[in-house]
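Heads up: the structure comes next, in structure tokens.
One-based numbering, in listed order, for ligands and for the atoms of each. Please read all numbers here as calculations on a predicted model, not as lab measurements.
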Amino acid sequence: MTYRGRHLLGIEPLHPTEITTLLDLADSYVDLNRRAQKRSDVLAGLTQINMFFENSTRTQSSFELAGKRLGADVMNMAMQASSIKKGETLIDTAMTLNAMHPDLLVVRHPHSGAVDLLAQKVNCAVLNAGDGRHEHPTQALLDALTIRRAKGRLHRLNIAICGDIAHSRVARSNILLLGKMENRVRLVGPPTLIPGPMKDLGVEVYDDMREGIAGCDVVMMLRLQKERMDGGFVPSEREYYHRYGLDAEKLGHAKPDAIVMHPGPMNRGVEIDGTLADDINRSVIQEQVEMGVAVRMAAMDLLARNLRAEAA
Ligand code: ASP
């Protein structure tokens, strides 16, 4: 097994063999998680601290569950109640925690690059749980695992990523990962939500939804990230749904066995039709959540092996 990194900060530095290593190990954790007895002790004796400076449902709960299932001592910092509110800087908070000797620090932050900066200051392994519009590596890995299990492979697939690409770290990490694994990635959305430089990442860009998803194996929908918008990027939600919302009719243009994905949280009736999102024959949204726990277990397991090797 090879995973060279001390941290997991993004998909960008990963080699395809590291991605495969991570996904293979995650597959074994899917099996463990489906058993009645879900405990392993690979992180026993280690301390994991979760620091979420931005709201989260799936990511925070799955990192917590992942650590607990692997036997770590897990602490969730309540960032709303922390000294950050009193003006303490991110780095001061991180250094304070560092002095308590954590082994794994899981960090989500609204600013791109904040998690990388923090990783340079602390002694433990840092996992990026989403930084601004930059990267969300465990999301891309759980999406990759979901695709690999549904399609039986993770290469030579046509994958459409649709919607608010501009504000999405999920899109960025997925474009990087799917490109490294030799898939054809298309970005579909209004030109206001697809930044020009994205075209340099080796993707095809479409502003017509039906054309964009035609013949695709995977249709990945994204949320309109209003909290990151500082102006009118779309005329109205109604108009947006009409042109870019995924419903059964538009999905009819993809391959007959195409799967539908969404990282959550979903806005039903804005980017996706609620009935389609719940259709277990097409939608793998619940599988994505299941894969999230397994991928986070695998990531922390591999980083802990490297920590132990370093200490030995
Ligand atoms: N949950 C994902 C993220 O944190 C996607 C989203 O918020 O729309 O980036």
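The line from CG of L177 to CG of L23 is 7.0 Å long, rounded to the nearest 0.5 Å. With rounding to the nearest 0.5 angstrom, the CD atom of Q225 is 5.0 Å from the OG atom of S168.
Between E237 and the options R243, R268, R223, K226, a salt bridge (Lys or Arg N to Asp or Glu O under 4.0 Å) holds for only K226. The side-chain contact (heavy atoms from CB on, under 4.5 Å) test with L14 singles out one residue from L176, L8, T21, L9, and that residue is L8.
Contacts with ligand 1 closer than 4.0 Å are made by no heavy atom of Q139, backbone or side chain. Contact annotation: for H136 versus ligand 1, heavy atoms closer than 4.0 Å belong to the side chain alone. Using a 4.0 Å cut-off between heavy atoms, R169 contacts ligand 1 through its side chain alone, with no backbone atom that close.
Those atoms of ligand 1 with a heavy atom of P265 less than 4.0 angstrom away are 1 (N), 6 (C), 7 (O). Atoms of ligand 1 found under 4.0 Å from any heavy atom of V170 (numbered from 1 in listed order, with element): 2 (C), 5 (C), 9 (O). Every atom of ligand 1 is numbered from 1 in the order shown, and the set under 4.0 Å from a heavy atom of R108 is 4 (O).
In the candidate list A171, G130, G264, G163, G264 is nearest to atom 2 (C) of ligand 1, counting heavy atoms.
Y240 pairs by the ring-ring contact (aromatic ring centres under 6.0 Å, His included) definition with Y244, not counting sequence neighbours. Taking D27 as the reference, R148, R149 meet the salt bridge (charged side-chain N to carboxylate O under 4.0 Å, His left out) condition, with sequence neighbours excluded.
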I'd like to know whether K250 forms a side chain to side chain contact (heavy atoms under 4.5 Å, CB included) with R210, so could you lay out the CA-CA distance, the side-chain angles of the two residues, the decisive distance to 0.1 Å, and finally the verdict.
CA-CA 6 Å; K250 292 195 191 83; R210 291 174 185 83; 3.9 Å; yes

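At a 4.0 Å cut-off, not a single heavy atom of S56 sits close enough to ligand 1 to count as contact.
With respect to atom 8 (O) of ligand 1, the closest heavy atom belonging to the protein is R223 NE, 2.7 Å.
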